[in-house]
J.: 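Before anything else, here's the structure in question.
Per chain, numbering begins at 1; letters A, B, ... match sequence-line order.
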There are 2 protein chains.
Amino acid sequence: MKKQLKIKPVADSSTEEKIKNAARIIFHKKGYAATRTRDIAEEAGINLALLNYYFRSKEKLFDIIMLESLHDFRQHIIVALNDEKTSLESKIETLVSNYIDLLINQPDIPLFILSEIRNNPQALISKLNQKEIITKSYFIKQFQQAVQEGKIVHINPLHYIMNLIGMIVFPFVGRPILSYVGQLKQDDFNNLMEQRKILIPKWLKAISKVK
Amino acid sequence: MKKQLKIKPVADSSTEEKIKNAARIIFHKKGYAATRTRDIAEEAGINLALLNYYFRSKEKLFDIIMLESLHDFRQHIIVALNDEKTSLESKIETLVSNYIDLLINQPDIPLFILSEIRNNPQALISKLNQKEIITKSYFIKQFQQAVQEGKIVHINPLHYIMNLIGMIVFPFVGRPILSYVGQLKQDDFNNLMEQRKILIPKWLKAISKVK
DNA sequence: ATATTTTTTAATCATTTGATTAAATTATTT
DNA sequence: AAATAATTTAATCAAATGATTAAAAAATAT
């Protein structure tokens with residue numbers, strides 16, 4: 001591996017990166033069980049044995065992709081929810097906007113994560129780590145304060161979280177049905193999602209007043 | 001098959017029913033690709049060959065389960081949305097309530113359908129049939145009328161549908177994460193869902209006023 | 001009671017699929 | 001340039017898995 005001493009190759013140029021990128025695409029699209037290592041090899045344009053040469057096994061490769069996906073998926077929440085400098089409202093706005101941007105680029109992440117969790121709850125839930133990233137976030141403090149000040153109606157914050165994440169994520173999870181029912185093309189769908197960047201924070205504000 | 005001439009056996013008593021029920025459980029929980037016919041046979045307490053004797057192949061059995069699941073999943077929408085006797089508000093209320101009841105009983109249906117659609121969009125989307133069940137429903141007529149009367153703000157009805165279905169379905173799809181983050185037990189979760197039967201219609205009303 | 005049909009089982013097959021091996025090729029070092 | 005190390009390939013293995021077969025058992029009909 002002396003290669004690493006040289007200048008770092010552009011993304012996807014190294015064999016290892018080619019395999020990882022191919023694996024990400026296939027795993028995200030079909031899930032672990034429906035993915036054949038041969039499909040990954042073909043997508044990457046490499047010999048099947050190379051996959052095992054670099055990553056030892058399908059499972060090890062999968063673990064790497066899953067870990068990165070979980071990281072992407074969480075990072076947007078954690079960062080946005082723990083910024084102590086911003087107001088509750090602006091936190092929501094950036095979270096919604098960043099999240100939708102991520103999902104426009106990698107629309108298969110949520111369904112990928114959710115179905116793998118279904119197949120293997122214990123293993124993956126533990127990898128989510130830090131149970132408290134949400135419950136102990138600065139966001140929750142602000143939320144509870146807003147409740148005390150009467151700005152937000154008294155309600156289980158989990159309802160609020162479900163609505164927040166649900167309104168962002170669900171369209172991407174249900175996209176095929178939605179696009180079918182609404183006769184949406186790629187751009188139509190993305191435009192709707194762009195609209196939701198603005199709308200969801202407003203909706204959440206309205207919801208938080210409902211008794 | 002002279003058996004059929006006799007009294008219809010109670011559910012699950014016939015071998016065919018035993019296999020179908022086992023298949024439903026395993027397919028819903030693990031999806032098509034991750035399901036082994038041997039797992040179904042074991043769950044049903046029968047010999048593997050019997051599965052093929054009754055259903056010919058894994059795929060044929062799967063198709064039956066999928067069709068029934070799609071039917072359950074759609075029926076609640078179709079019926080509720082096309083009742084000409086009820087107001088817009090009461091339609092929402094019954095739809096939300098019926099839907100949550102269904103999902104409390106069969107919580108794996110949404111993720112099952114959504115991930116199989118991901119793996120095989122064309123085949124399954126076509127089975128959804130009637131593109132127009134929603135767009136040409138009596139509900140949409142009422143909705144558009146309410147918009148004209150200024151009772152609902154002018155907005156793409158798809159946003160409304162996404163929020164409606166999303167608020168109902170997403171908690172079930174994200175249940176493992178949610179239960180982990182919120183430290184919820186089975187009953188805690190169901191109680192939250194019961195609350196949402198009342199809350200979601202109120203939230204939707206509030207949302208429909210937002211400019 | 002016997003014959004026939006239906007249901008069930010154990011054993012086996014054929015294909016798919018994740019993984020390995022040994023050899024060939026390419027790159028790097030001396 | 002020769003030697004060594006890293007990368008890549010074709011061929012192959014072994015286990016898993018969907019499916020079939022032939023025979024046994026149970027149910028039904030004659």
Side-chain angles (χ1 to χ4, degrees), chain A residues 1-66 116 119-120 123, chain B residues 1-66 116 119-120 123:
Chain A
M1 290 265 206
K2 299 279 168 64
K3 201 186 207 176
Q4 293 303 335
L5 294 174
K6 301 207 159 185
I7 44 156
K8 195 173 182 188
V10 264
D12 209 289
S13 79
S14 83
T15 304
E16 206 172 326
E17 278 302 314
K18 271 198 291 188
I19 298 174
K20 263 181 63 177
N21 288 333
R24 185 177 300 107
I25 290 171
I26 311 270
F27 278 138
H28 277 193
K29 194 152 58 188
K30 320 192 64 153
Y32 180 82
T35 293
R36 317 291 138 198
T37 50
R38 282 163 173 82
D39 299 341
I40 297 176
E42 189 185 9
E43 171 84 22
I46 53 108
N47 184 290
L48 170 59
L50 265 186
L51 187 151
N52 293 292
Y53 175 75
Y54 280 102
F55 296 96
R56 297 301 303 275
S57 72
K58 176 188 180 184
E59 203 179 345
K60 291 228 169 59
L61 176 55
F62 175 81
D63 284 346
I64 290 170
I65 300 299
M66 174 54 82
E116 295 304 333
N119 287 349
N120 204 347
Chain B
M1 288 269 205
K2 299 279 168 63
K3 199 185 206 176
Q4 293 305 335
L5 294 175
K6 301 207 158 185
I7 45 157
K8 195 174 180 185
V10 264
D12 210 288
S13 78
S14 83
T15 305
E16 205 171 326
E17 277 302 314
K18 270 198 291 185
I19 297 175
K20 263 181 62 176
N21 288 332
R24 183 178 301 106
I25 290 170
I26 310 269
F27 278 138
H28 277 194
K29 194 152 60 189
K30 319 192 64 150
Y32 180 80
T35 293
R36 317 292 138 199
T37 49
R38 280 164 174 81
D39 298 341
I40 298 177
E42 190 185 8
E43 172 82 24
I46 52 110
N47 184 290
L48 169 59
L50 265 186
L51 188 151
N52 293 292
Y53 174 75
Y54 279 102
F55 296 96
R56 299 298 304 274
S57 73
K58 177 188 179 185
E59 202 178 344
K60 292 229 170 58
L61 175 55
F62 175 81
D63 285 345
I64 290 171
I65 300 298
M66 173 54 80
E116 295 305 333
N119 287 349
N120 204 348

J.: Would one find a side-chain N or O of B:Thr15 under 4.0 angstrom from OP1 or OP2 of C:dT8?
T.: yes
J.: Closest approach to the side chain of B:Tyr53, judged atom by atom: which nucleotide of D:dT21, C:dT8, D:dT7 is it?
T.: C:dT8
J.: Let's see if you can work this out: which of D:dT9, D:dA19, C:dA19 has an atom nearest to the side-chain heavy atoms of B:Ser57?
T.: D:dA19
J.: Report the distance from atom CD1 of A:Ile25 to atom CD1 of A:Ile65, rounding to the nearest 0.5 Å.
T.: 10.0 Å
J.: Which value, rounded to the nearest 0.5 Å, describes the distance between A:Ile40 atom CD1 and A:Arg24 atom CZ?
T.: 11.5 Å
J.: B:Asn52 side chain: which of C:dA10, D:dT8, D:dT20 is closest?
T.: D:dT20
J.: Between P on D:dT21 and CG on B:Leu48, what's the gap in Å once rounded to a whole number?
T.: 14 Å
J.: Atom OG1 of B:Thr15 and atom OH of B:Tyr54: how far apart are they, to the nearest 0.5 Å?
T.: 4.0 Å
J.: Take the C1' atoms of the five end pairs on each side of the helix from C:dA1-D:dT30 to C:dT30-D:dA1, get both axes, and report the angle to 10 degrees.
T.: 0°
J.: Considering only D:dA19, D:dA10, C:dT9, which nucleotide approaches the side chain of B:Leu50 most closely?
T.: C:dT9
J.: Does the Lys NZ or Arg CZ of B:Lys58 fall within the cation-pi geometry relative to B:Tyr32 - under 6.0 Å from the ring centre and within 45° of the axis?
T.: yes
J.: Side chain of B:Asn47, heavy atoms from C-beta onward: which of C:dA19, D:dG18, C:dT9 has the nearest atom to it?
T.: C:dT9
J.: Among residues 31-43 of chain A, which ones have heavy-atom contacts with DNA chain D below 4.0 Å?
T.: none
J.: What is the distance from NZ of A:Lys58 to P of D:dA16, rounded to the nearest Å?
T.: 14 Å
J.: Taking B:Asp39 for its side chain and B:Thr35 for its backbone only, find out whether a donor-acceptor pair lies under 3.5 Å.
T.: no
